[in-house]
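One structure is given below, encoded as structure tokens.
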Amino acid sequence: MSDVRIEQATHLPDDAVSAVRALAARAADADGIDAVSEAFRLALTSPRASVTHLLAYAGRPGPVGYAGRDAAGAAELVVDPSARRAGVGRALLRAVLDGGATGVWAHGDLPAARALAASEGLVPTRELHVMERAVRDGDEVEPTLPEGFSVRTFEPGRDEQAWLDVNRLAFASHPEQGSLTLADLQDRMAQDWFDPSGFLLVEDTTTTQDGGAHPLAAFHWTKREPGSTTGEVYVVGVHPAYQGRALAGPLTGLGTAHLARLGVERIELYVDGDNTRALATYRRAGFEDAVLHVVHGRPPAP
Ligand SMILES: CC(C)(COP(=O)(O)OP(=O)(O)OC[C@H]1O[C@@H](n2cnc3c(N)ncnc32)[C@H](O)[C@@H]1OP(=O)(O)O)[C@@H](O)C(=O)NCCC(=O)NCCS
């Protein structure tokens, strides 16, 4: 293949967005997994997203590879299956690292990604587990919360700020989730899968705040793409002041009960490899490892 040329942009014209989506779809077919995650997919068209898009061209019309790099230093890259082993992946990887990327996602931990990353001197710096399980008889029964807590559904227009506050505190050590803004939340609320009846808020009913509302102690946001037979434990968080009070188990069960009542057949979730308490909660709830996503980055300085 002739030389690889890389073009960078923060906004993509419609035809480039279509070409990247088509390329990513061909790669997902070939690899059995999406290389471009939801956040980067949304960033292809969101004017608010601070993502730099890199399109690789190599001697034929249209891009043969795509990489995205966000302001926090995370990057994703994918090469068209018909253009692989010709240096496109290496060129994109070097370009995102030169541009300041500190970690590159390898969704599904595919052998080609592992080999490419290692050949550039990168090492795994983070592991994200996808866990799943089948829905079983009895899942639809709502668990009982500990004394002093009650559950209600998220109310758009009322609960955004309280949720953002608890999300930020619960995920203080989790770079992507903890830094979600009102605009990020509204982007997700505008998606066709968003359903407030599957966004469950647990409140501390033993006390009230200014204005008379009960404080938000924890939440379980579930997700189901329209028509899908798989549901997702999308985000579960417990306010630090309410951690250690036996909420995690029933909180997980509230969401799985909601998904079971929707009629899904399987439930999946994503959890960081270093989040041992969450991993243990989900294993206890019957979830098993299904896929591993790995971030590759520069080895820590000695
Ligand atoms: C990983 C991926 C980006 C590689 O793209 P590519 O254009 O084929 O990669 P390159 O041609 O630049 O390969 C560079 C080096 O990576 C390694 N490599 C790439 N594919 C490989 C494979 N299938 N098996 C073994 N080694 C491989 C080799 O060391 C290769 O050098 P070589 O060809 O001189 O031996 C591509 O397979 C892809 O899009 N996969 C799905 C998305 C993904 O996993 N992205 C994460 C990237 S970290």
Side-chain angles (χ1 to χ4, degrees), residues 1-9 12 16-44 49 51-130 175-176 268 270-274 289-300:
M1 189 175 291
S2 51
D3 283 350
V4 181
R5 178 171 54 87
I6 292 177
E7 285 181 11
Q8 304 204 16
L12 291 179
V17 171
S18 307
V20 169
R21 285 188 178 143
L23 186 164
R26 285 192 293 278
D29 268 355
D31 298 326
I33 189 153
D34 281 318
V36 184
S37 65
E38 178 190 53
F40 279 88
R41 259 200 322 272
L42 291 174
L44 287 172
V51 167
T52 303
H53 307 286
L54 294 85
L55 274 65
Y57 296 87
R60 57 158 122 147
V64 289
Y66 167 80
R69 173 171 52 76
D70 72 16
E76 297 189 337
L77 71 95
V78 60
V79 174
D80 196 307
S82 66
R84 290 187 181 171
R85 293 312 288 266
V88 178
R90 193 189 295 285
L92 279 170
L93 179 57
R94 287 184 178 173
V96 290
L97 292 171
D98 285 349
T102 50
V104 183
W105 282 96
H107 297 291
D109 191 24
L110 300 172
R114 226 179 296 146
L116 169 61
S119 79
E120 287 293 308
L122 306 183
V123 295
T125 53
R126 181 177 166 196
E127 287 185 348
L128 185 64
H129 295 248
V130 183
E176 291 136 41
E268 62 173 18
Y270 295 70
V271 57
D272 261 90
D274 63 0
D289 281 306
V291 184
L292 187 64
H293 301 302
V294 178
V295 177
H296 296 279
R298 300 229 180 268

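Here the structure is a predicted model, which is why all the values come from computation and not from measurement. We count ligands from 1, going down the list as the structure has it; atoms in each ligand are counted the same way.
- Note on residues 64-81: pairs passing salt bridge (charged side-chain N to carboxylate O under 4.0 Å, His left out), not counting sequence neighbours, are R26-D80.
- Within the 4.5 Å cutoff, the side chain of L110 has heavy atoms near those of the I33 side chain.
- One side chain, S82 or R60, offers a donor N or O that lies under 3.5 Å from an acceptor on the other.
- Checking H129 against Y270 by side-chain atom types alone, no donor-acceptor pair falls below 3.5 Å.
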L12 and L55: CA distance, side-chain angles, deciding distance, side chain to side chain contact (heavy atoms under 4.5 Å, CB included) verdict: CA-CA 10 Å; L12 291 179; L55 274 65; 3.9 Å; yes

Could you go through ligand 1 and list every pair where one of its N or O atoms sits under 3.5 Å from a protein N or O, giving the atom names and the distance to one decimal?
unit_1, atom_1, unit_2, atom_2, d
ligand 1, 7 (O), G89, N, 2.7
ligand 1, 8 (O), R85, N, 2.8
ligand 1, 11 (O), R85, N, 3.4
ligand 1, 11 (O), A86, N, 3.0
ligand 1, 11 (O), G87, N, 2.8
ligand 1, 12 (O), G89, N, 3.3
ligand 1, 12 (O), R90, N, 2.7
ligand 1, 24 (N), R85, NH1, 3.3
ligand 1, 31 (O), R90, NH2, 3.1
ligand 1, 33 (O), R85, NE, 3.2
ligand 1, 33 (O), R85, NH2, 3.4
ligand 1, 35 (O), R85, NH2, 2.9
ligand 1, 39 (O), V79, N, 2.8
ligand 1, 39 (O), R84, NH2, 3.3
ligand 1, 45 (N), L77, O, 2.9

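- Residues E120 and R94 are in side-chain contact: their nearest non-hydrogen atoms beyond the backbone lie under 4.5 Å apart.
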